[in-house]
Amino acid sequence: MTFLEARGLTKIYSDMAKPVQVLGGLDFSMDKGQCIGIYGASGSGKSTFLHLLGGLDDPTDGEVLADGVKLDRLSDQELADFRNRRIGFVFQFYYLLPEFTALENVMMPVLIGGGGKQEAVTKASEALHSVGLGDRLEHRPPMLS
């Protein structure tokens with residue numbers, strides 16, 4: 001079952017002296033539960049592509065759908081909810097809060113989504129254990145690799 005889909009995805013940055021087309025007519029689909037990696041040369045459009053898939057930016061042309069719903073039809077709150085509850089990204093540059101531990105940083109989406117503290121601790125701990133960081137729960141971001 002297709003969860004995330006892009007059709008004819010195009011992105012042109014026209015706020016520069018000369019417009020730059022980063023993506024041109026890209027089609028993509030991803031099934032629910034699938035885990036993928038996006039890799040390529042520097043400047044090839046990876047981050048732009050992920051920003052479009054996550055509804056963080058709008059395509060110049062084409063559309064992105066999640067469970068058949070076009071992202072451009074969602075309100076800002078619905079988009080935020082989609083990103084918080086339905087997808088996850090690991091970007092090249094992480095945005096962890098340096099004053100919080102690894103556990104506290106990973107708890108944030110659950111807390112922001114209205115979950116309780118114990119639920120957040122349980123889910124965050126499970127997530128960190130699943131990626132081999134179970135022994136680093138109390139480490140702050142600068143102490144993590």
Side-chain angles (χ1 to χ4, degrees), residues 1-116 119-134 136-137 139-142 144-145:
M1 174 182 202
T2 300
F3 164 64
L4 195 58
E5 183 176 9
R7 299 180 187 157
L9 206 56
T10 298
K11 183 63 178 182
I12 300 170
Y13 291 104
S14 56
D15 55 347
M16 302 171 191
K18 180 180 177 186
V20 176
Q21 181 173 332
V22 179
L23 300 174
L26 180 73
D27 293 327
F28 169 83
S29 68
M30 179 177 171
D31 293 336
K32 186 173 244 166
Q34 190 175 11
C35 181
I36 63 162
I38 306 293
Y39 63 93
S42 179
S44 64
K46 302 176 299 293
S47 293
T48 297
F49 177 55
L50 290 174
H51 280 99
L52 295 174
L53 287 181
L56 295 169
D57 195 4
D58 297 319
T60 305
D61 196 19
E63 58 190 6
V64 177
L65 300 92
D67 284 334
V69 176
K70 294 179 181 182
L71 293 190
D72 65 354
R73 301 241 169 106
L74 300 178
S75 68
D76 288 344
Q77 183 58 50
E78 290 169 325
L79 272 173
D81 187 57
F82 164 70
R83 285 188 296 266
N84 186 39
R85 298 178 186 271
R86 306 292 309 281
I87 62 172
F89 290 108
V90 178
F91 284 100
Q92 176 179 347
F93 298 104
Y94 60 87
Y95 298 101
L96 299 176
L97 301 170
E99 62 273 15
F100 293 129
T101 65
L103 181 66
E104 291 166 334
N105 268 286
V106 178
M107 288 171 54
M108 288 298 165
V110 176
L111 295 172
I112 290 168
E119 176 189 4
V121 168
T122 300
K123 287 183 174 183
S125 180
E126 288 173 356
L128 288 166
H129 276 86
S130 75
V131 295
L133 291 173
R136 317 281 309 268
L137 301 180
H139 286 76
R140 300 205 186 279
L144 300 171
S145 173

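These figures come from a predicted structure and were not determined experimentally.
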Does the side chain of L9 reach to within under 4.5 Å of the side chain of F28, using non-hydrogen atoms? no
Shortest non-hydrogen separation from V64 to L52 and the atoms involved: CG2-O, 3.7 Å
From E5 CD over to D31 CG, what is the distance, rounded to the nearest 0.5 angstrom? 10.5 Å
Heavy atoms, side chains only, cut-off 4.5 Å: are T48 and Y13 in contact? yes
Taking all heavy atoms of A66 and all of L71, pick out the closest pair and write down the distance. CB-CD2, 4.1 Å
Check whether any side-chain N or O of K11 sits under 3.5 Å from a backbone N or O of D58 as a donor-acceptor pair, and report yes or no. yes
Closest heavy-atom pair, L23 versus G45, reported as atoms and distance to 0.1 Å, is CD2-O, 4.1 Å
Flag the pair F100 / M108 as yes when at least one side-chain heavy-atom distance between them is below 4.5 Å, and no otherwise. yes
R86 side-chain N/O to D81 backbone N/O, donor-acceptor pair under 3.5 Å: no
Assess whether atom CG of D15 is packed by more than 12 heavy atoms of other residues, nucleotides or ligands within 6.0 Å. yes
Report the distance from atom CG of L4 to atom CZ of F82, rounding to the nearest 0.5 Å. 5.5 Å
Evaluate the side-chain proximity of R7 to L65: yes if any heavy-atom separation is below 4.5 Å, no if none is. yes
So, taking the atom named NZ in K32 and the one named CE in M1, what distance separates them when rounded to the nearest 0.5 Å? 6.0 Å
Side chain to side chain contact (heavy atoms under 4.5 Å, CB included) involving L128 - partner list, sequence neighbours excluded: A102, L103, V106, L133, L137
Between the CG atom in L26 and the CG atom in D61, the distance rounded to the nearest 0.5 Å is 12.0 Å
Taking all non-hydrogen atoms of both residues, which atom of E104 and which atom of R140 are closest, and how far apart? OE1-NH1, 4.2 Å
So does G25 get a backbone contact from the side chain of T10, meaning a donor-acceptor N/O pair under 3.5 Å? yes
CG-CG distance between L50 and D57, expressed to the nearest 0.5 angstrom: 12.0 Å
Mark yes when over 12 heavy atoms from residues, nucleotides or ligands other than Q34 sit less than 6.0 Å from its CD; otherwise mark no. yes
Quick check against the 3.5 Å criterion: does K46 have a side-chain atom that pairs as donor or acceptor with the backbone of A41? yes
Looking at T2, is its backbone amide N or carbonyl O close enough to the side chain of S29 to form a donor-acceptor pair, meaning the two atoms are under 3.5 Å apart? no
Does any non-hydrogen side-chain atom of L53 lie less than 4.5 Å from one of I87? no
Note: P19 and I12 closest approach over all heavy atoms is CB-CG2, 4.0 Å
Audit row: R136, L144, side-chain contact (heavy atoms from CB on, under 4.5 Å) steps and yes/no: CA-CA 8 Å; R136 317 281 309 268; L144 300 171; 3.8 Å; yes
